[in-house]
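Working notes for the structure below.
Whatever order the structure lists them in is the order used to number ligands and atoms, beginning at 1. All residue numbers in this chain count up from 1 along the given sequence.
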Amino acid sequence: MTVEPNELLQIAVRIAGGAADLARQMRDEGVTGITTKSSATDVVTAADRAAERYVREALRDSRPGDAVLGEEAGESPGKGAVRWILDPIDGTVNYLYGVPHYAVSLAAEVDGEVVAGVVRNPVSGEQWTATRGGGAWRGEVRLVGSTVTELSQTLLATGFGYAAARRVHQARVVAKLLPIVRDIRRFGAASLDLCFAAEGRVDAYYEKGLNLWDHAAGGLIAAEAGLRVGGLSGAGAGPDLVVAAPPAIWEPLQDALVRLDAAGGP
Ligand code: IPD
């Protein structure tokens, strides 16, 4: 039986909307259940866990048998071709501090290919969606990305991992990029960085060390907005590097990232 990307998107939008409402309501009531994961700065809250539980239960009701990969509860194998990829709260540090820039990110893969994705900011209500081949959208607005043609004019978003050793390397890379681009932005939620790139709110984005749940939905949205999305030197987007850039600056940005060994280090 074929699975329609649009059907999966409708399910994703409905469920991500419920999870976003839950996360926002829990934020309004005060952040609780704060623990740490990979390092002392890598936090998780009761809301991350509750939003993930909500999405998993809703997916079980709508599409029993699908696999789910989620940031907080890991991989649950399924029986068919569909796997859901979830970050219940991307930008947890922003969430913790009350910075209104975090998102629920939910993507659907069929046979290993992401075909539908939604990223929703629960505070602003902004929602970005895409289906493979169906374009990228914020509400009714079709997204086309930036038309920048020079690296020196590029507003470049990035992010940093939670491990101190990785940050040392990332800081060296960003210090060398800063003088050769328009400016750097570090907003704190990778999925939203990719949606901002899709929308032209930044020109391009790169980051080392992302997990699939950080970039599955946003990567599709950026690609469907006409950006090139991948890793370094022909590699796919993955933990070594995720890059999203308009075609005209893809090569110069790749050259700079290769020269600075952006995919290297711990
Ligand atoms: C993090 C955010 C951040 C990025 C980190 C991610 P989380 O996700 O997306 O912007 O720089 O690499 O881990 O931990 O808030 O879900």
**Asked** Where the side chain of Arg167 meets the backbone of Gly161, is there a donor-acceptor pair that is under 3.5 Å apart?
**Response** yes
**Asked** Do Ser146 and Asp203 pass the side chain to side chain donor-acceptor pair (under 3.5 Å) test, and can you show the C-alpha distance, the side-chain angles, and the key distance before you say yes or no?
**Response** CA-CA 5 Å; Ser146 143; Asp203 296 305; 2.7 Å; yes
**Message:** With heavy-atom distances below 4.0 Å as the criterion, list the atoms of ligand 1 near Gly188.
**Reply:** 2 (C), 3 (C), 10 (O)
**Asked** Given that the side chain starts at C-beta and the backbone is N, CA, C, O, which of these parts of Asn94 lies under 4.0 Å from ligand 1, counting heavy atoms, or is it both or neither?
**Response** neither
**Prompt:** Which of the atoms of ligand 1 are close to Leu210, meaning less than 4.0 Å from one of its heavy atoms?
**Reply:** 12 (O)
**Asked** Should Tyr162 be listed as contacting ligand 1, given a heavy-atom distance under 4.0 Å as the test?
**Response** yes
**Message:** Run Tyr205 and Glu207 through side chain to side chain donor-acceptor pair (under 3.5 Å) and show every step you take.
**Reply:** CA-CA 7 Å; Tyr205 165 72; Glu207 184 166 345; 2.7 Å; yes
**Polar contact flag for Gly91 and ligand 1 (N/O pairs, less than 3.5 Å)** = yes
**Prompt:** Does the side chain to side chain donor-acceptor pair (under 3.5 Å) test come out yes or no for Trp128 and Glu199, once each step is laid out?
**Reply:** CA-CA 9 Å; Trp128 294 262; Glu199 165 126 28; 2.8 Å; yes
**Message:** Would Asp87 count as a polar contact of ligand 1, with the cut-off being nitrogen or oxygen pairs under 3.5 Å?
**Reply:** yes
**Prompt:** Starting from atom 6 (C) of ligand 1, which protein heavy atom do you reach first, and at what distance in Å?
**Reply:** Asp214 OD1, 4.0 Å
**Asked** For ligand 1, which atoms, with element, lie under 4.0 Å from some heavy atom of Glu71?
**Response** 14 (O), 16 (O)
**Request:** On the 0 to 90° scale, with breaks at 30° and 60°, tag the His101-Phe187 ring pair as parallel, tilted or perpendicular.
**Result:** tilted
**Request:** Answer with yes or no whether Ala189 contacts ligand 1, where contact means a heavy atom under 4.0 Å from a ligand atom.
**Result:** yes
**Asked** Which residue holds the protein heavy atom closest to atom 2 (C) of ligand 1, what is that atom called, and what is the gap in Å?
**Response** Asp90 OD1, 3.3 Å
**Message:** Can you list everything that forms a side-chain hydrogen bond (donor to acceptor under 3.5 Å, both in side chains) with Arg60? Sequence neighbours excluded, please.
**Reply:** none
**Prompt:** Taking NZ, NE, NH1 and NH2 as the nitrogens, is one of them in Glu72 or Arg53 under 4.0 Å from a carboxylate oxygen of the other?
**Reply:** no
**Asked** Salt bridge between Asp21 and Arg24, side-chain N to carboxylate O under 4.0 Å?
**Response** no
**Asked** Can you find a heavy atom in the side chain of Glu109 that is under 4.5 Å from one in the side chain of Val115?
**Response** no
**Item:** Atoms in ligand 1 flagged as close to Gly159, the criterion being non-hydrogen separation under 4.0 Å
**Value:** 11 (O)
**Complete:** For Phe160, the atoms of ligand 1 under 4.0 Å from one of its heavy atoms are 5 (C), 11 (O), 12 (O)
**Request:** Evaluate the side chain to side chain donor-acceptor pair (under 3.5 Å) criterion for residues Ser76 and Arg56: first the C-alpha distance (whole Å), next the side-chain angles of each, then the deciding distance (0.1 Å), finally the verdict.
**Result:** CA-CA 10 Å; Ser76 313; Arg56 283 176 180 270; 2.6 Å; yes
**Complete:** Looking only at non-hydrogen atoms, the one of Lys37, Glu207, Arg166 nearest atom 5 (C) of ligand 1 is Glu207
**Request:** Pull out every atom of ligand 1 sitting under 4.0 Å from any heavy atom of Ala190, numbered as shown with elements.
**Result:** 2 (C), 9 (O), 10 (O)
**Request:** With heavy atoms only and a cut-off of under 4.0 Å, state how Arg186 meets ligand 1: side chain, backbone, both or neither.
**Result:** side chain
**Request:** Using non-hydrogen atoms of the residue, decide whether Ile89 is closer than 4.0 angstrom to ligand 1.
**Result:** yes
